[in-house]
Enquirer: 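Below are the structure tokens for one structure; questions will follow.
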Amino acid sequence: MEQEVILSVKNLEVKFDLRGRILHAIRGISLDLYKSESLAIVGESGSGKSVLVKTFMGLLDANGSITGGEILYNGQDLSKFKTEKEWLTVRGKEIAMVLQDPMTSLNPLKTIGFQVCEAIELHQGLKGAEARAAAVSILEDVGISDAENRIHQYPHEFSGGMRQRVVIAIAIACKPKILICDEPTTALDVTIQAQILKLLKDLKAKYNLTTIYITHDLGVVANVADRIAVMYAGDIVEIGKCDEVFYNPRHPYTWALLSSLPQLGIKGENLYSIKGAPPNLFTHIEGDAFAPRNPRALKIDFVRRPPYFDVSPTHKARTWLLDPRAPKVDPPEIIAKLHQGVSGNV
């Protein structure tokens, strides 16, 4: 059965003007988001993950602009939106975002109840006692016990994990169709991370959400994502179902990311790290952007940007290694461990 596309990005280009120099942050991305799915977008810091999803909500910095392509949602092209009034028809009520640092997302001078009620009144049209009752219900849904009393407390009276639950509650209160989670567990310790990811998974089912996770850690999304898009230098270099990307990765950058997982480390040996640095996005990139850091690069990688090659109907990668004319290049040995299940609960 063919899945319903809820949001479609076509050949998107985003540039930033930094003191007269142009930074090419998003380089021709095309991506379909399917209704009710959970998509993870992974990649190193600076790969363009957050910039990409900010274009869905009109949250680009003032010096950033969409210079090409389309973002199709609900019969509209969001890339053509210019005014705050236009964006408010989508932001929050259709597409909401959970940011990575709850302390900067919450107002320290307002009670938790006030901040959740504000979202409910704005997006659900409820007032007074009705809004308060809805706020208590949502806070209970996100796992805050004794919500009746805790709505009178302030953000500093909550732990980091509890503040993140409040931020999620505010996003849910908007009743969005799409929930974007931008590094939602970065500032939290490992046990709390697992709780927040489970919570997001449960809320997705309860509220029939389509979710997007932004992260630099492939291990984090293994249990929550249906599909994974791997980003590098403002481009999606590989995309496929979670199992396909984990157990049959085909792009050398995906190999490198997976090799960096601490879970695959061997006692007594140094953890793998990717050599070199990402390319300078102020300059024009020739060929495959990852080629200078790729020990298995082919000559053509430095000359021509590869197209996408289909690995399966649901899995594709932008690498010349998949061209039928390319020499056979085996992935690193550490990737083979994933096939053998050595990764445990990666």
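Count residues from 1 along the sequence.
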Enquirer: Do Asn280 side-chain atoms and Phe282 backbone N/O form a donor-acceptor pair below 3.5 Å?
Expert: yes

Enquirer: May I have the step-by-step check of side chain to side chain contact (heavy atoms under 4.5 Å, CB included) for Phe56 and Val9, ending in yes or no?
Expert: CA-CA 9 Å; Phe56 304 164; Val9 178; 3.6 Å; yes

Enquirer: Is Arg304 close to Trp320 at the side-chain level, that is, under 4.5 Å between some pair of heavy atoms?
Expert: yes

Enquirer: When you group the ILVMFWY residues by side-chain heavy-atom contacts below 4.5 Å and let the links chain together, are Leu18 and Val51 in the same group?
Expert: yes

Enquirer: Is there a donor-acceptor pair under 3.5 Å between the side chain of Asp61 and the backbone N or O of Gly64?
Expert: no

Enquirer: Walk me through it: do Glu13 and Ile26 pass the test side chain to side chain contact (heavy atoms under 4.5 Å, CB included)?
Expert: CA-CA 5 Å; Glu13 302 266 346; Ile26 300 293; 6.0 Å; no

Enquirer: Is the NZ or CZ atom of Arg318 both under 6.0 Å from the centre of the six-membered ring of Tyr308 and within 45° of that ring's axis?
Expert: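 Yes; both conditions hold, so Arg318 lies above the ring face of Tyr308.
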
Enquirer: Give the intermediate values and the outcome of side chain to side chain contact (heavy atoms under 4.5 Å, CB included) for residues Arg150 and Phe158.
Expert: CA-CA 9 Å; Arg150 300 208 74 181; Phe158 284 66; 3.9 Å; yes

Enquirer: If Ile, Leu, Val, Met, Phe, Trp and Tyr residues are connected whenever their side-chain heavy atoms lie under 4.5 Å apart, and connections chain through other members, are Leu200 and Val42 in the same group?
Expert: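 Leu200 clusters together with Val42.
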
Enquirer: With the side chain counted from C-beta on, respond yes when Cys181 and Ile212 share a heavy-atom pair under 4.5 Å apart, and no when they do not.
Expert: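 No, their side chains stay 4.5 Å or more apart.
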
Enquirer: Determine, step by step, whether Arg227 and Glu37 satisfy the salt bridge (charged side-chain N to carboxylate O under 4.0 Å, His left out) criterion, reporting the C-alpha distance in whole Å, the side-chain angles of both residues, the deciding distance to 0.1 Å, and the verdict.
Expert: CA-CA 8 Å; Arg227 284 195 305 152; Glu37 80 162 334; 2.8 Å; yes

Enquirer: Take Asp32 and Ser8 through the side chain to side chain donor-acceptor pair (under 3.5 Å) test and state the conclusion after the steps.
Expert: CA-CA 5 Å; Asp32 283 340; Ser8 184; 2.7 Å; yes

Enquirer: Checking Arg91 side chain against Gly58 main chain: does a donor-acceptor pair fall under 3.5 Å?
Expert: yes

Enquirer: Find out if a path of hydrophobic residues (ILVMFWY) with successive side-chain heavy-atom gaps under 4.5 Å connects Ile168 to Leu59.
Expert: no

Enquirer: Any donor-acceptor pair under 3.5 Å linking the side chain of Asp310 with the backbone of Pro313?
Expert: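 It does not hold such a pair.
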
Enquirer: Could you tell me the separation between the CD1 atom of Ile112 and the SG atom of Cys117, rounded to the nearest 0.5 Å?
Expert: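 These two atoms lie 11.5 Å from each other.
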
Enquirer: Regarding Asp323 and Arg325, does a basic nitrogen lie under 4.0 Å from an acidic carboxylate oxygen?
Expert: yes

Enquirer: Is the closest side-chain heavy-atom distance between Lys177 and Leu209 below 4.5 Å?
Expert: no

Enquirer: Mind listing the closest non-hydrogen atom pair of Ala171 and Leu179 along with its distance?
Expert: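 Taking every non-hydrogen atom into account, CB-CD1, 3.7 Å.
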
Enquirer: Whether the side chain of Gln124 engages the backbone of Ala173 through a donor-acceptor N/O pair (distance < 3.5 Å, no angle test) should be reported.
Expert: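 Flag set: sc Gln124 to bb Ala173 pair under 3.5 Å.
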
Enquirer: When you check the side-chain N and O atoms of Tyr73 and Glu94, is any donor under 3.5 Å from an acceptor?
Expert: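 Side chains of Tyr73 and Glu94: pair found under 3.5 Å.
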
Enquirer: What verdict does the side chain to side chain contact (heavy atoms under 4.5 Å, CB included) test give for Leu197 and Thr185, after you've listed the backbone C-alpha separation in whole Å, the side-chain angles of each residue and the deciding distance to 0.1 Å?
Expert: CA-CA 8 Å; Leu197 288 171; Thr185 61; 4.1 Å; yes

Enquirer: Counting heavy atoms not belonging to Lys241, are there more than 12 under 6.0 Å from its NZ?
Expert: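 No, because the 6.0 Å sphere around NZ of Lys241 holds 12 heavy atoms or fewer from other groups.
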
Enquirer: Quick one about Gln153 and Thr111 (side-chain donor to acceptor, distance below 3.5 Å, no hydrogens or angles considered), yes or no?
Expert: no

Enquirer: Please determine whether a side-chain nitrogen of the Lys or Arg among Lys198 and Asp202 lies less than 4.0 Å from a carboxylate oxygen of the Asp or Glu.
Expert: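 A salt bridge links Lys198 with Asp202.
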
Enquirer: Counting C-beta onward and ignoring hydrogens, is there a side-chain heavy-atom pair between Asp182 and Tyr213 closer than 4.5 Å?
Expert: no

Enquirer: Parallel under 30°, tilted from 30 to 60°, perpendicular over 60°: which one fits the rings of Tyr253 and His251?
Expert: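 Plane angle over 60°, so perpendicular.
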
Enquirer: Classify the side-chain pair Thr254/Glu238 by whether it contains a donor and acceptor separated by less than 3.5 Å.
Expert: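 A donor-acceptor contact under 3.5 Å links the two side chains.
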
Enquirer: First locate atom CG of Asp226, then atom OG1 of Thr314, and finally report the distance between them rounded to the nearest 0.5 Å.
Expert: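 The CG atom of Asp226 sits 11.5 Å away from the OG1 atom of Thr314.
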
Enquirer: Determine yes or no for a side-chain-to-main-chain donor-acceptor pair under 3.5 angstrom, with Glu121 supplying the side chain and Glu118 the backbone.
Expert: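 No; zero donor-acceptor contacts below 3.5 Å.
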
Enquirer: Do Val221 and Leu99 share a hydrophobic cluster (ILVMFWY, side-chain heavy atoms under 4.5 Å, transitive)?
Expert: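 No.
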
Enquirer: Look at Arg250 together with Glu244 and state whether they make a salt bridge at an N to O cut-off of under 4.0 Å.
Expert: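 The answer is no: the pair does not qualify as a salt bridge.
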
Enquirer: Is the shortest heavy-atom distance from the side chain of Val98 to the side chain of Gln164 under 4.5 Å?
Expert: yes

Enquirer: Side-chain donor-acceptor contacts of residues 285-300 below 3.5 Å, not counting sequence neighbours, with atom names and distances?
Expert:
from	atom 1	to	atom 2	distance (Å)
Asp288	OD1	Phe290	N	2.9
Arg293	NE	Lys275	O	2.8
Arg293	NH1	Glu44	OE1	3.1
Arg293	NH1	Tyr232	OH	3.2
Arg293	NH2	Glu44	OE2	3.3
Arg293	NH2	Gly276	O	3.2
Asn294	OD1	Arg296	N	2.9
Arg296	NE	Asp330	O	3.2

Enquirer: Give the minimum heavy-atom separation between Glu140 and Ala147, together with the two atoms involved.
Expert: CG-CB, 3.8 Å

Enquirer: Any donor and acceptor pair, going by atom type alone, linking the side chain of Thr319 with main-chain N or O of Leu322 inside 3.5 Å?
Expert: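 Answer holds: no.
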
Enquirer: Are Val311 and Ile236 linked, directly or through other ILVMFWY residues, by side chains that come within less than 4.5 angstrom of each other?
Expert: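 Val311 does not cluster with Ile236.
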
Enquirer: In Å and rounded to the nearest 0.5 Å, what is the CD1 to NZ distance from Ile239 to Lys316?
Expert: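 Reported value, rounded in 0.5 Å steps: 7.0 Å.
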
Enquirer: Can you tell me how far the CG atom of Leu72 sits from the OG atom of Ser79, to the nearest 0.5 Å?
Expert: 7.5 Å

Enquirer: When you check the gap from the basic side-chain N to the acidic O, do Asp141 and Lys206 get nearer than 4.0 Å?
Expert: yes

Enquirer: Shortest non-hydrogen contact from Leu258 to Pro249?
Expert: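 Looking at all heavy atoms of both residues, the closest pair is CD1-CG, 3.6 Å.
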
Enquirer: Restricting to non-hydrogen atoms, name the atom on Cys174 and the atom on Gly92 that form the minimum distance, rounded to 0.1 Å.
Expert: CB-O, 3.1 Å

Enquirer: Looking at side-chain heavy atoms only, is the closest gap between Ile178 and Leu33 below 4.5 Å?
Expert: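 SC-SC contact between Ile178 and Leu33 confirmed.
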
Enquirer: Would the distance check show the side chain of Ser260 and the main-chain N or O of Ala256 forming a donor-acceptor pair, the cut-off being under 3.5 Å?
Expert: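 Checked: pair present.
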
Enquirer: Determine yes or no for a side-chain-to-main-chain donor-acceptor pair under 3.5 angstrom, with Glu86 supplying the side chain and Lys82 the backbone.
Expert: yes

Enquirer: Distance check, rounded to the nearest 0.5 Å: Ser38 atom OG versus Asn223 atom CG?
Expert: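 CG of Asn223 is found 11.0 Å from OG of Ser38.
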
Enquirer: Is the closest side-chain heavy-atom distance between Leu39 and Thr210 below 4.5 Å?
Expert: no

Enquirer: Taking atom CD1 of Ile138 and atom CD1 of Ile144, what is their separation to the nearest 0.5 Å?
Expert: 11.0 Å

Enquirer: Which heavy-atom pair separates Asp235 from Arg305 by the least distance, and what is that distance?
Expert: OD2-NH2, 2.9 Å

Enquirer: Compare every heavy atom of Val329 with every heavy atom of Trp255, then report the nearest pair and how far apart it is.
Expert: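 Residues Trp255 and Val329, closest heavy atoms: CH2-O, 4.0 Å.
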
Enquirer: Heavy atoms, side chains only, cut-off 4.5 Å: are Ser65 and Leu60 in contact?
Expert: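 A side-chain contact under 4.5 Å is absent here.
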
